[in-house]
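Indexing begins at 1, ligand by ligand and atom by atom, following the structure's order.
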Amino acid sequence: MRYFEEFTARLFKWACGLAFLGVCGALAAQPAQLAISCGALGIQLTLCQEGVAAWSRSTGTAVTVVATPNSSTERFALYQQILASHSPDIDVFQIDVVWPGTFAPHLVDLSRYIGPDITDQYFASMIHNNTIDGALVAMPWYTDAGVLYYRADLLQKYGESPPETWQQLTATARRIQQAERAAGNSRMQGFVFQAKGYEGLTCDALEWIDSFGGGTVVDSAGRVTIDNPQAVAALDLAASWIGDIAPQGVLNYDEEASRGVFQSGNAVFMRNWPYAWSLGNAADSPIKGKIGVSALPRGEVQGHHSGTLGGWQLAVSRYSKHPALAADLVRYLTSYEEQKRRAIAASYNPTIRALYQDEDVLEAVPFFGTLYRSFEHAVARPSRVTGSQYARVSAEFYYAVHDILSGKLQAAPALNALHQKLVRLSRGEQW
Ligand code: GLC
């Protein structure tokens, strides 16, 4: 009896072994498959799916497109989990411009597959941003800079021009908001932007502060600079907008929520990224043909126009089973033709210099030409200098700014406390 039990157990193991080998054999015989995590919703996801499908057809490689959360902060948390577990499930990741330093240890050096004949066509600053300890850990896919959208029809109606300074924006927004409300649109808002507690608020607040001459929170030498009078003045002004020219609800707005209000015709001004242009001018948009775009306003004293540098890159996971194929998919998706298609269809800013001289692109998105300098000189978040600590620095910053905007804290003491916190962090982590 005992012998019989042992025998069946052995037989079972053997059968399992064979079955396992069978599975392995079947797997080995199967052609390679890739998975890419890109796009979150709407046209962003569709465009990625279309680009991937075109590469798939030409190479015969099946690719699964995995949608990601829309918020950069949530996407970061998800990718961190996947990469920390060394999972091979996703080959290609769409990463934010502020992440190369953090994720570099998990990413393939793409310079093994994509040579300088290709990378030289891109903005050198972006290739530099994505090069960590000599390794090219991601290819620039599209770039971003914050811009000001305005209702050209409303400015004309009230004899106003696009504002040069934030103070002018405040006055114009208030005036048109009041007049439009009196004329019957009770929902009209003066200005909408991103003030929810997440990475988007870091981008908006950096623009206010930098445009007031208040620096970039941490400077390029790693010194914490946030506790200064210009930064306080910028945030005092921004806090005064809430409940005046901006709704209380803006404290919970991300890019899409602001776009929803602006695009439905209920805001005079909006701060957003270039992608909002083609959606605002789409056939079904109530404000089609009524939108103007300019550089964001500057502070009145010591001010300059500023727009935060954003943008997304494509990177190959070090745990991918097919790094060469995955790198080829990245090469294709970031190529001239593919970036051109994306710029025309959805106003995604190209990362290849020559595309800013391409007539089809300039016709589809005229402000790529007029605001070229804003894109070239966009202000970077302090991600390079703070390296793997960037997410913490940004979170401390947007928590503090959110408390100031919602009236919980005064700007001066809040920035002083933030300064102390960041200095302690910088010492501990030695950036
Ligand atoms: C945009 C930018 C990105 C930024 C994010 C914040 O997607 O391209 O760099 O982090 O907005 O919400």
Side-chain angles (χ1 to χ4, degrees), residues 37-45 47-48 67-80 93-103 123 125-126 129-130 138-149 192-208 210 216-217 250-260 270-279 296 306-315 334 339 342-343 346-351 365 368 371 374-376 378-384 386 390-395 397-399 401-402:
S37 169
C38 61
L41 31 97
I43 182 112
Q44 199 192 122
L45 183 58
L47 278 178
C48 181
T68 68
N70 195 30
S71 151
S72 173
T73 302
E74 284 169 27
R75 214 181 265 192
F76 179 80
L78 178 70
Y79 285 6
Q80 212 174 20
F93 286 91
Q94 176 184 341
I95 69 166
D96 201 337
V97 69
V98 284
W99 302 344
T102 305
F103 288 143
F123 286 99
S125 57
M126 296 173 197
N129 180 73
N130 296 355
M139 281 294 283
W141 197 19
Y142 64 94
T143 183
D144 259 339
V147 289
L148 182 72
Y149 289 85
V192 289
F193 47 94
Q194 296 76 48
K196 178 176 156 177
Y198 78 123
E199 187 63 26
L201 178 54
T202 290
C203 298
D204 287 38
L206 175 64
E207 283 157 357
W208 307 328
D210 181 50
T216 56
V217 187
V250 81
L251 292 168
N252 212 20
Y253 282 7
D254 59 9
E255 287 84 357
E256 281 296 89
S258 344
R259 187 175 67 82
M270 168 177 73
R271 182 273 177 210
N272 216 320
W273 307 101
Y275 84 98
W277 168 260
S278 65
L279 292 168
L296 287 162
S306 179
T308 294
L309 175 71
W312 292 85
Q313 339 296 312
L314 291 176
T334 55
Q339 287 204 31
R342 296 168 54 85
S347 49
Y348 283 118
N349 274 49
T351 57
V365 196
F368 278 176
L371 291 186
S374 309
F375 298 129
E376 213 185 11
V379 59
R381 285 162 274 175
S383 58
R384 203 172 170 91
T386 57
Y390 172 72
R392 271 188 77 186
V393 171
S394 176
F397 178 57
Y398 65 66
Y399 289 146
V401 174
H402 197 267

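- Ile43 and Ala346 make their closest contact through CG1-CB, 3.9 Å (heavy atoms, listed as atom of the first residue, atom of the second, distance).
- Within ligand 1, counting atoms from 1 as listed, the ones closer than 4.0 Å to a heavy atom of Gly200 are 6 (C), 12 (O).
- For the pair Gln339 (side chain) and Thr334 (backbone), a donor-acceptor distance under 3.5 Å is present.
- No side-chain donor-acceptor contact under 3.5 Å links Glu199 and Ser71.
- Closest approach of Arg271 to Gly146, counting heavy atoms only: NH2-CA, 3.4 Å.
- In terms of N/O distances under 3.5 Å, ligand 1 is approached by Asp96.
- Distances below 4.0 Å separate heavy atoms of Gly310 from the following atoms of ligand 1: 2 (C), 8 (O), 9 (O).
- For atom 5 (C) of ligand 1, the nearest non-hydrogen atom of the protein is Glu255 OE2, 4.0 Å.
- Taking the six-membered ring for Trp, Trp99 and Phe93 have ring centres at least 6.0 Å apart.
- Assignment of Tyr198 to the shell around ligand 1 is supported, since a heavy atom sits closer than 4.0 Å.
- Between Asp96 and Arg75, the closest side-chain pair of non-hydrogen atoms is not below 4.5 Å.
- Scanning the protein for heavy atoms near atom 11 (O) of ligand 1, the closest one is Trp273 NE1, 3.1 Å.
- Between Phe103 and Phe76, the distance from one ring center to the other falls under 6.0 angstrom.
- Within ligand 1, counting atoms from 1 as listed, the ones closer than 4.0 Å to a heavy atom of Glu199 are 10 (O).
- Within the structure, the closest approach of Gln194 to ligand 1 does not fall below 4.0 Å when heavy atoms are considered.
- Nearest protein neighbour of atom 2 (C) of ligand 1, counting heavy atoms only, is Asp144 OD2, 3.4 Å.
- Here the straight-line distance linking atom CD of Gln94 with atom CG of Leu314 works out to 6.5 Å at 0.5 Å rounding.
- Close N/O approach between Gly311 and ligand 1 is found [any backbone or side-chain N/O within under 3.5 Å].
- Protein heavy atom closest to atom 7 (O) of ligand 1, with residue, atom name and distance, is Trp312 NE1, 2.9 Å.
- Neither the backbone nor the side chain of Arg75 comes within contact range of ligand 1; no heavy atom lies under 4.0 Å.
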